[in-house]
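Take a look at the structure below.
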Amino acid sequence: MGIVVLKMGGSVLEKLPEDFYKSLVELKEKKICDPIIVHGGGPEINQALKQAEVESSFVNGLRITTEDVLKIAEMVMSGSINKRIVNKLIKAEGIAFGLSGVDGSLLQAEPMDPSGKLGFVGKVKKINDYWLKLIMEQGGIPVISPIGIGKEGIRYNINGDMAAAAVASSVGGKLIFVSDIPGVMEKMDGKQVVHSKLTKREIDSMISSGVIYGGMIPKVNSAMDALSAGVDESVIINGVSPSDLKDYMEGKNIGTKIVMGEVEHV
């Protein structure tokens, strides 16, 4: 039974149907895969920041994180969102454990930008995956909030896509980015086309031309980084479509696969 790391972005969480969680629990129970969830929380963090009148801005899809922003991001992700996902898995008759990257020093982090321009934005230095393996061995599904911990107990806000890639690299297996769109899309001849496969060269070109932008940039870059670090496969799928996750796990051609190599595909 292979491990599958699912990154669930904040923008898609409220759109995921109950069937999505039921499918996850079923995949676990039938020993088709061992799921690990890493989640984000962008929209809810934005709302909480607005209510608290705390300003924040982005650089290449990464949120500049002051101490005030970090406190709110941790409260929203490790508190509210994490436990909501756990609750949905339990309602689907699964066993789920909510964790922050701080728990058990799960996500050991360091500053993304040593100059300090991004504030408390971190990158994963090391994964303490002992606890993840223990939970999975006992029949549980780990649900991870991407707040990391560094030297002297300093906490860091880690981009969820990057955290998911680091977890997948550490435990091995596949990396699935669960989105509310069917994959990486591009307008061609007046129609929206989903790219079934993309290489690094194609991704770089699409970022330069603006086809891939905003939050999709760290997503595709994290997918490439994960492949380079030994992850079996990276894919972006539509979690809102009830059958897509199951179809993908059954080997059907779903979403956008991010692949090594230079052969161009659409």
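Index from 1, following the sequence.
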Exercise for the section: Report the C-alpha separation of E55 and L49 in whole Å, then their side-chain angles, then the decisive distance to 0.1 Å, and conclude whether the side-chain contact (heavy atoms from CB on, under 4.5 Å) test is met. Expected result: CA-CA 7 Å; E55 290 186 13; L49 288 170; over 6 Å; no

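- Following chains of ILVMFWY side-chain contacts shorter than 4.5 Å, one cannot reach W131 starting from I127, and the two form parts of different hydrophobic clusters.
- In this structure a side-chain-to-backbone donor-acceptor pair under 3.5 Å is missing from S205 to R201.
- Taken to the nearest 0.5 Å, the OH atom of Y21 stands 6.5 Å off from the CD1 atom of I37.
- With sequence neighbours left out, the side chain to side chain contact (heavy atoms under 4.5 Å, CB included) criterion links Q192 to M185, K187.
- Taking S208 as the reference, nothing meets the side-chain hydrogen bond (donor to acceptor under 3.5 Å, both in side chains) condition, with sequence neighbours excluded.
- Taking CD1 from I32 and CG from L27, the interatomic distance works out to 5.0 Å, rounded to the nearest 0.5 Å.
- Two different hydrophobic clusters hold Y213 and M206 under the rule that ILVMFWY side chains link at heavy-atom gaps under 4.5 Å.
- A 4.5 Å side-chain heavy-atom check between V167 and L132 finds at least one atom pair inside the cut-off.
- Checking side-chain atoms of Q108 against main-chain N and O of S105 turns up a donor-acceptor pair under 3.5 Å.
- Within a 6.0 Å radius of CD in E53, other residues, nucleotides and ligands contribute 12 heavy atoms or fewer.
- In this structure, E186 places its CD atom where more than 12 heavy-atom neighbours from other residues, nucleotides or ligands lie under 6.0 Å away.
- Interatomic distance, CD1 of I212 versus CG of L198, reported as 6.0 Å (0.5 Å rounding).
- Pairs of residues two or more places apart, or lying in two chains, that qualify as side chain to side chain donor-acceptor pair (under 3.5 Å) and include a residue from residues 66-75 are E74-R155.
- The cluster map of Ile, Leu, Val, Met, Phe, Trp and Tyr, joined by side-chain heavy atoms under 4.5 Å apart, puts I217 and I181 in the same cluster.
- Contact of the P142 side chain with the M136 side chain is registered, since non-hydrogen atoms from C-beta on lie closer than 4.5 Å.
- Without hydrogens or angle criteria, S170 side chain to A166 main chain gives no donor-acceptor distance under 3.5 Å.
- The salt bridge (Lys or Arg N to Asp or Glu O under 4.0 Å) contacts involving residues 218-232 comprise D161-K219, where partners must be two or more places apart or lie in separate chains.
- Remark: N87 engages no residue in a side-chain hydrogen bond (donor to acceptor under 3.5 Å, both in side chains) (not counting sequence neighbours).
- For the atom pair CD1 of I176 and CE of M8, the computed distance is 11.5 Å after rounding to the nearest 0.5 Å.
- With sequence neighbours excluded, the residues that form a side chain to side chain contact (heavy atoms under 4.5 Å, CB included) with F58 are N46, R63.
- Between K246 and E26 the shortest side-chain heavy-atom distance falls below 4.5 Å.
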Practice task
Would you check, one step at a time, whether the test side-chain contact (heavy atoms from CB on, under 4.5 Å) holds for M216 with F177?
Solution key: CA-CA 10 Å; M216 186 61 82; F177 294 96; over 6 Å; no

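- When every heavy atom of V194 is checked against every heavy atom of G183, the shortest pair comes out as CG1-CA, 4.2 Å.
- Residues V235 and I254 are not in side-chain contact: their nearest non-hydrogen atoms beyond the backbone lie 4.5 Å or more apart.
- Take Q47 and apply the side-chain hydrogen bond (donor to acceptor under 3.5 Å, both in side chains) test, not counting sequence neighbours, and it matches no residue.
- For V231, the side chain to side chain contact (heavy atoms under 4.5 Å, CB included) test picks out A168, S169, L175, A226, S234, with sequence neighbours left out.
- Proximity of M77 to I45: side-chain heavy atoms (C-beta onward) are separated by under 4.5 Å at one or more points.
- In this structure the side chain of C33 never reaches within 4.5 angstrom of the side chain of K28, judged on heavy atoms.
- Note on residues 132-147: pairs passing salt bridge (Lys or Arg N to Asp or Glu O under 4.0 Å), not counting sequence neighbours, are D129-K133.
- Through chains of ILVMFWY side-chain contacts below 4.5 Å, V59 is grouped with L62, I64, M112, L118, V121, M162.
- Separating the CD1 atom in I81 from the OG atom in S145 is a distance of 8.0 Å, to the nearest 0.5 Å.
- In this structure, the side chain to side chain contact (heavy atoms under 4.5 Å, CB included) partners of V12, at least two apart in sequence or on a different chain, are L16, D180, V240.
- Distance check, rounded to the nearest 0.5 Å: CG of N128 to CG of D103 gives 11.0 Å.
- Across every non-hydrogen atom of L13 and G40, the tightest pair is CD1-O, 4.1 Å.
- The side-chain hydrogen bond (donor to acceptor under 3.5 Å, both in side chains) check on E14 picks up R84, with sequence neighbours excluded.
- Pairing each heavy atom of P35 with each of I141, the nearest pair is O-CG2, 3.6 Å.
- Annotation for K91: atom NZ does not count as buried by contact number, only 12 or fewer foreign heavy atoms lying within 6.0 Å.
- Judged purely by distance below 3.5 Å, without hydrogens or angles, the side chains of E233 and Y248 pair a donor atom with an acceptor atom.
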Practice task
Starting from the C-alpha separation in whole Å, work towards a yes-or-no answer on side-chain contact (heavy atoms from CB on, under 4.5 Å) for V124 and I158.
Solution key: CA-CA 8 Å; V124 179; I158 300 173; 3.9 Å; yes

Practice task
Determine, stepwise, if the pair K22 / E93 fulfils salt bridge (Lys or Arg N to Asp or Glu O under 4.0 Å).
Solution key: CA-CA 8 Å; K22 286 178 182 174; E93 301 184 357; over 6 Å; no

Practice task
Just do the side-chain contact (heavy atoms from CB on, under 4.5 Å) check on I144 and L106 with the steps written out, would you?
Solution key: CA-CA 9 Å; I144 304 168; L106 175 61; 4.0 Å; yes

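- Nearest heavy-atom pair, V69 versus S56, reported as atom, atom and distance to 0.1 Å: CG2-CB, 4.1 Å.
- Of the possible donor and acceptor atoms, one in the side chain of T256 sits under 3.5 Å from a partner among the backbone N and O of V184.
- Two different hydrophobic clusters hold L134 and I36 under the rule that ILVMFWY side chains link at heavy-atom gaps under 4.5 Å.
- Looking only at side-chain heavy atoms (C-beta outward), T199 and I203 stay at 4.5 Å or farther from each other.
- At a threshold of 4.5 Å between non-hydrogen side-chain atoms, the residues F120 and I154 count as touching.
- Nearest heavy atoms, I72 versus A52: CD1-CB, 3.7 Å.
- Between G160 and V38 the shortest heavy-atom distance is O-CG1, 3.8 Å.
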